[in-house]
Structures are given as structure tokens and as C-alpha cells.
Amino acid sequence: MEGLSQDSEPRHGPVKPPRPAALKRRRRRENLAGYLFMSPWIAGFLLLTAGPMVASLYFAFTDYNLFDAPKWIGLDNFSEMFGDPRWRHSVQVTLWYVAVGTPLKLLAALGVALLLAQSRRGQAFYRAAFYAPSLIGASVSVAIVWKAIFSDDAIVDRTQKLFGVDVGGWTGDPDMIIYSLVALTVWQFGAPMVIFLAGLKQVPRELYEAAEVDGAGKLRRFWNITLPMISPVLFFNVLLETIHSFQIFSSAYIVGGGAGGNACGPADGSMVYTCYLYVQGFENSRMGLASAMAWMLLVAVALVTAVLFWSQKRWVHYEEGA
């Protein structure tokens, strides 16, 4: 039609951009919707995590027994804690458990992951079978069964006697009960195994082929190729399993005997840190002292985590740009 051109404006004029006030209202509605969806998590964090943490920090400086009002005593809980020989014993048991159980668990996980990384029939079944203990290993029922297996005249005791070793049941021996807990944590290697498998799948096959052409054996290929390439995954597993080891409680409490005089094992043989914390807080009704112990555990785990992050510069190899 005459009088109209391609550059002519629409009949109702050009489309006007939204005003700044309208944009603000729209953004406010979008933010409100986002906070509304986040509100269950925010409420749970404030009521179940942040709130109890702040309360426990206050109780750490008070004399509190769950029944009477807390009474401010300053640093008395910490001074009593450092002077308690049972507390020092629990620290030693926990450090020994972490130093022995964590490496053995990671070695088992890496060894099985190396086997499962190879293509073979029934691979999915083997992966599920080896991962299953990680799903049920932390349950109370498994801890009860584990205690029965390592008790006097049980399957472990009878197997030992077949080889001429007569040390009795592990759970009744103050020197052996901690080994049963280490065996339990090593048995639960499924979770780090899956993470190792994911890391091994990312190693380029060309590196192994080139190393094999150069005459490198399996051990040399593992040391010079596999370990450096999966070092970020190894660091993640070391960090995660170390933190988990410091938090062991249910298995030590159940295998050790549960409530009563032997709550942490015979002669405190399985008295890890969290077990003694539970005894002080809930059996002795000394919640103030237990809160102080909990914060000391938090500080210790934070320091160990900081040391691990500092050490990764020496042995963890990331790809360029990562």
C-alpha cells in the first residue's frame, strides 16, 4: 500500500521498554518466590544447625546438666577437660583409629577400584556388591552383628583357633576391640571405591599405551600415571574419610557395649572421642562439658582439614586452568 514503508512504525507506535519501577517490582516478585522455595531449608538450617551450634557454644562456658539453668563458669570446662586422663585417652584412641583405619580403607577402595575398572563380565553386579556395605555399614543392626561375630567363641575366634591363635574374642579384649572397629570401617570401602572408579575412567588410555611402548611395567605405570592423574580424587577421598573417621560413634558405642559402665568398651578400649562426649553429656548429664568437648573436636577437625589443604600443593596435580 502507498504511504507505508518497511521502516514505518506500527499502528500503535513503538514498543516502550519497561520502566525502572516495573523492573524493580518484577525482580522483587522473583526474589520473593525464590526465598519462598528456599524457606524450608533456611528454617531447617536456623533451627536445626545454626541455632544449636550457637547454643552449644554458650553452654561450653557454663555448668549445665539439662535440668537446671546454665551457670556461667568461664573456661573451667576446658581446664577440666585437658586435665582428665580419660579425655586424653579418648584423644589417643581416636587419633590411632584415624591414622590406621583411614589409610587401610582407602587402600582397599583403590585396590578394588583398579580391579573393577577393567572390562569384564558381571561388572555391574560386582560394583553393586562391593558398594552395598557402605549403605548398611553405619546402621545399628550391622554393629550388633559385628559385635556378635567378634565376640568369644564366635566365627572369628574359632577361625583364629584353627591357625593356632588363641586370643579370644576381640570385643571382650581391651587391646583388640579397636581392631574390630578398624575392620568394620575397612569393610565399608564402597563409597570411596565408586569415587576412585570415576577418577580412573578419566585417565586417558593414550598415556598407558605410550608408557607401555616405552617399556614401563604395571607398577611404574601406576606410580607415574595413575596416581598423579587421580590425585585430586585421592585428595577428596582422604579429606572426606578423615573427617568421617573423627566422627565415628554408633559402631564404637554398640560394639563397645552400649549404655552402662562399659559404654566405651572394656577398660575404655573403644573409647573414641565422640563416645566419651556422649557419656559426659547424656549419661553423666554434664552438657556444658560435652559442649566444650564438641567444640574442641570441631577445632581439631578444622586444623586437620587446613593441613590437608596446605599439603595438597605438594602431591595433588590439577590440569592446567583447573
Side-chain angles (χ1 to χ4, degrees), residues 89-90 92-118 120-123 125-194 196-197 237 241-242 244-275:
H89 176 70
S90 69
Q92 294 175 358
V93 173
T94 304
L95 292 178
W96 189 93
Y97 174 83
V98 173
V100 176
T102 301
L104 290 178
K105 182 178 183 178
L106 293 178
L107 284 175
L110 180 58
V112 176
L114 289 171
L115 294 176
L116 296 181
Q118 305 173 10
R120 63 183 70 223
R121 294 182 60 183
Q123 192 175 40
F125 168 77
Y126 289 119
R127 290 181 180 179
F130 282 117
Y131 181 72
S134 292
L135 298 176
I136 62 176
S139 64
V140 175
S141 58
V142 171
I144 295 174
V145 173
W146 204 262
K147 180 180 179 180
I149 291 175
F150 284 88
S151 60
D152 292 334
D153 202 31
I155 181 171
V156 173
D157 188 15
R158 295 180 181 180
T159 304
Q160 292 175 155
K161 292 178 180 178
L162 291 177
F163 294 94
V165 180
D166 189 7
V167 296
W170 293 16
T171 56
D173 190 338
D175 297 326
M176 296 296 297
I177 187 172
I178 189 65
Y179 291 99
S180 65
L181 297 180
V182 171
L184 178 57
T185 190
V186 173
W187 181 63
Q188 304 171 36
F189 64 81
M193 178 202 69
V194 172
F196 277 132
L197 272 173
N237 272 335
E241 295 303 326
T242 301
H244 287 170
S245 296
F246 274 105
Q247 296 175 338
I248 176 179
F249 170 70
S250 59
S251 58
Y253 185 75
I254 297 299
V255 174
N262 293 328
C264 299
D268 293 337
S270 63
M271 189 173 66
V272 293
Y273 193 94
T274 53
C275 188

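Values in this document were obtained by computation on a predicted structure and should not be read as measured data.
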About how many Å separate [atom2] of [Y] and [atom1] of [X], when rounded to the nearest 0.5 Å?
X	Y	atom1	atom2	value
Gln160	Met176	CD	CE	6.5 Å
Ile254	Leu184	CD1	CG	11.5 Å
Cys264	Tyr253	SG	OH	8.0 Å
Ile178	Met271	CD1	CE	11.0 Å
Lys105	Thr185	NZ	OG1	4.0 Å
Leu115	Leu197	CG	CG	10.0 Å

Plane angle bin for Tyr179 and Trp96 - parallel if under 30°, tilted between 30 and 60°, otherwise perpendicular: perpendicular
Parallel, tilted or perpendicular, as decided by the 30° and 60° cut-offs, for the rings of Trp170 and Phe150: tilted
Backbone N/O of Val98 and side chain of Ser245: donor-acceptor pair under 3.5 Å: no
Trp146 side-chain N/O to Val255 backbone N/O, donor-acceptor pair under 3.5 Å: no
Might you point out which heavy atoms bring [X] and [Y] nearest each other, and give the distance in Å?
X	Y	result
Ser151	Thr171	CA-OG1, 3.4 Å
Glu241	Leu106	CG-CD2, 3.8 Å
Ala148	Ala154	O-CB, 3.1 Å
Arg127	Leu116	NH2-O, 3.6 Å
Ser134	Gly190	OG-N, 2.9 Å
Val272	Ala252	CG2-CB, 3.7 Å

Neighbour count >12 (heavy atoms, 6.0 Å) for atom OH, Tyr126: no
Stepwise side chain to side chain contact (heavy atoms under 4.5 Å, CB included) test for Val142 and Trp187: CA-CA 11 Å; Val142 171; Trp187 181 63; 3.8 Å; yes
Salt bridge (charged side-chain N to carboxylate O under 4.0 Å, His left out): pairs with one or both residues in residues 162-187, sequence neighbours excluded: none
Are the side chains of [X] and [Y] in touch, meaning some heavy atoms are under 4.5 Å apart?
X	Y	answer
Leu162	Arg158	no
Ser270	Leu181	yes
Val182	Leu104	yes

Among Asp157, Asp153, Thr159, side-chain contact (heavy atoms from CB on, under 4.5 Å) partner for Ile155: Thr159
